[in-house]
Amino acid sequence: MTDLITPELARSEQPGDGQPYLYRRAELVEPDWTRLPGWKDVTAEEWRSVQWQRSHCVKNVKQLREVMGDLLEDRLYDDLTRDQAERATMSMLLPPQMLNTIVPSGAADYTEAFYADPVRRYMLPVFSDRRSDWPSHPHAARDSLHEHEMWATEGLTHRYPTKVLAEILPTCPQYCGHCTRMDLVGNSTPVIDKLKFVAKPQTRLDDMLDYLRRTPGVRDVVVSGGDVANMPWPRLETFLTNLLEIENIRDIRLATKALMGMPQHWLSSDVLGGVERVARLARDRGVMLAMHTHVNAAQSVTPLVAEASKAMLEAGLRDVRNQGVLMRGVNDSIPQLLDLCFALLDGANITPYYFYMCDMIPFSEHWRVSVRDAQHLQHGILGYLPGFATPRIVCDVPYVGKRWVHQLSEYDEVRGISYWKKNYRTGIEQQDPEALNRTYEYYDPIDTLPAEGQDWWTQHAGNHLAEAEARAAASRTAAEAQKLLDIN
């Protein structure tokens with residue numbers, strides 16, 4: 001794949017330009033999958049087949065070896081195996097499309113390049129990635145945003161006054177190591193026993209629709225999970241059609257990382273035909289239907305991704321937008337963020353929309369950045385992109401919700417504690433008179449703090465790893481208790 005031009009290279013080619021970042025359009029290239037030993041005989045027709053992609057996903061270290069062969073040294077496989085056993089909150093699931101974008105152009109030292117690759121860093125975390133001093137923040141929690149506490153019905157989070165999140169299923173075509181819904185989504189791992197839905201799938205969907213029919217204050221539904229690409233299209237189309245019949249629903253957003261991770265799904269004829277039918281119905285009823293995807297690195301935007309995005313727009317979706325996650329070692333520099341935004345915008349007609357700060361889930365400290373660094377990145381990307389396509393970097397503050405990183409009320413940069421306020425009550429605070437006056441805390445990664453701040457946390461956090469695991473267990477217990485209350 002052609003490398004996106006860095007500011008340093010651009011300045012060397014055009015001396016005197018003087019800009020911190022120089023835009024150059026880069027043509028998208030689909031990496032050659034036959035460079036990998038296990039796929040050397042895979043045809044273009046097979047590669048475009050969603051059935052082939054699904055049946056050849058990499059689910060364990062043995063399957064990764066079968067694809068990569070001796071390109072990778074044993075030390076990486078051992079590193080990955082240890083992480084799966086001791087730290088991973090998500091099980092391994094990587095579609096061929098995504099694996100093919102790791103070290104897309106090959107390398108002389110493939111193992112080192114694989115270790116350094118940004119897509120590998122968040123899709124295939126290894127034990128040596130994790131921090132040994134602060135692998136989890138003392139305030140980390142399995143359901144760090146307390147979404148389960150705000151379930152109006154099982155899987156339907158009513159946090160904002162006019163918006164709900166519908167988690168219609170708990171699986172994805174690919175599992176990201178940093179998943180904010182790691183408490184529910186995917187298979188259990190040796191360190192995380194996943195929460196399970198109790199109600200039958202159709203009952204859960206019917207309950208969501210019933211709630212929305214009797215709650216006219218909700219106008220906006222994010223249909224997510226998991227990933228909507230994992231729901232059989234006829235069932236998803238029925239749910240969306242029923243959703244469109246509810247008069248107060250005016251916005252529907254389909255959440256799918258698979259637009260990038262498995263674009264073959266959205267290019268299949270049955271799905272394309274279904275999207276056209278739903279988009280036509282939405283247009284006839286004056287409802288805005290859009291798709292949100294999740295791309296974190298410019299190299300992930302390939303011609304197949306662009307083809308799938310354009311197909312969604314041609315089918316009638318109002319927009320395709322990207323919600324990335326800001327992570328160290330993945331996209332935590334101004335050039336990386338701008339390269340990604342331009343690849344999305346120029347190459348694939350995908351609108352850069354949000355970059356979320358990585359949430360405070362267990363074992364995520366090596367990914368998270370400080371609020372101050374996020375503010376610096378937000379400042380650095382302004383002025384290069386069109387205003388409508390300049391993404392906001394947001395902090396999803398527990399019990400508050402999305403806040404632009406410059407909206408904090410106070411900031412103790414020594415201890416890494418930021419304080420936030422809000423202007424609405426969540427679904428569990430209707431009778432709380434102090435909800436709009438209270439300040440809510442968010443915590444920077446401790447290793448990013450000055451020595452004084454790190455010392456303070458060492459003195460006050462106690463056995464931070466044990467406390468983090470206990471807090472995670474308490475979060476899950478609370479979620480299960482809330483489920484029982486909802487059922488009864």
>> Looking only at the side chains, is there a donor atom on one of Thr180 and Asp359 sitting less than 3.5 Å from an acceptor on the other?
In response: yes
> Going by atom types alone, do Gln97 and Trp47 pair a side-chain donor with an acceptor below 3.5 Å?
Replying inline: yes
>> If we ignore hydrogens and angles and just use 3.5 Å, is the side chain of Asn230 paired with the main-chain N or O of Cys172 as donor and acceptor?
In response: yes
> When rounded to the nearest 0.5 angstrom, what distance separates CE in Met123 from CG in Leu99?
Replying inline: 9.5 Å
> CG of Asp227 to CD of Gln174: how many Å apart, nearest 0.5 Å?
Replying inline: 5.5 Å
>> If I take atom CZ from residue Arg82 and atom CZ from residue Phe127, how far apart are they, to the nearest 0.5 angstrom?
In response: 3.5 Å
> So do Pro37 and Leu71 actually touch side chain to side chain, heavy atoms under 4.5 Å?
Replying inline: yes
>> Quick check on Asp70: does its CG atom have over 12 non-hydrogen neighbours (other residues, nucleotides or ligands) under 6.0 Å away?
In response: no
>> Can you tell whether the side chains of Glu112 and Arg75 come within less than 4.0 Å, N to carboxylate O?
In response: yes
> Do Tyr353 and Pro391 come close enough that some side-chain heavy atom pair is under 4.5 Å?
Replying inline: no
> Can you tell me if Trp266 and Thr256 form a side-chain donor-acceptor pair at under 3.5 Å?
Replying inline: yes
> Phe355 versus Val405: any side-chain heavy-atom pair under 4.5 Å?
Replying inline: no
>> With a 3.5 Å distance limit and no angle check, can you tell me whether Asp79 reaches the backbone of Val126 through a side-chain donor-acceptor pair?
In response: no
> Between the side chain of Glu413 and the main-chain N/O of Arg372, is any donor-acceptor distance below 3.5 Å?
Replying inline: no
>> Would you say Lys402 and Tyr160 are linked by a side-chain donor-acceptor pair, where the criterion is simply a distance under 3.5 Å?
In response: yes
> Do any N or O atoms from the side chain of Thr157 and from the backbone of Arg159 form a donor-acceptor pair under 3.5 angstrom?
Replying inline: no
>> So which atom in Thr458 and which in Trp134 form the shortest heavy-atom distance, rounded to 0.1 Å?
In response: OG1-CZ2, 3.7 Å
>> As an exercise, state the distance from OG1 of Thr89 to CZ of Phe363, rounded to the nearest 0.5 Å.
In response: 8.5 Å
> Is there a donor-acceptor pair under 3.5 Å between the side chain of Ser188 and the backbone N or O of Lys194?
Replying inline: yes
>> Is any side-chain heavy atom of Arg235 closer than 4.5 Å to one of Leu205?
In response: yes
>> Taking the basic N atoms (NZ, or NE/NH1/NH2) and the acidic carboxylate oxygens, is any pair closer than 4.0 Å for Asp129 and Arg328?
In response: no
> So, Glu30 versus Thr302: side-chain donor-acceptor pair below 3.5 Å or not?
Replying inline: yes
> Salt bridge check: are Arg48 and Glu307 linked by an N-O gap of less than 4.0 Å?
Replying inline: yes
> What is the distance from atom CD1 of Ile168 to atom CE of Met208, rounded to the nearest 0.5 Å?
Replying inline: 7.5 Å
> Which pair of non-hydrogen atoms, one from Ala306 and one from Gly347, has the smallest distance, and what is that distance?
Replying inline: CB-O, 3.1 Å
> Are Tyr21 and Asp339 close enough that a side-chain donor and a side-chain acceptor fall under 3.5 Å?
Replying inline: yes
> Among pairs that include at least one residue of residues 92-125, which meet ring pair (Phe, Tyr, Trp, His ring centres under 6.0 Å), considering only residues two or more places apart or in two chains?
Replying inline: Tyr122-His178
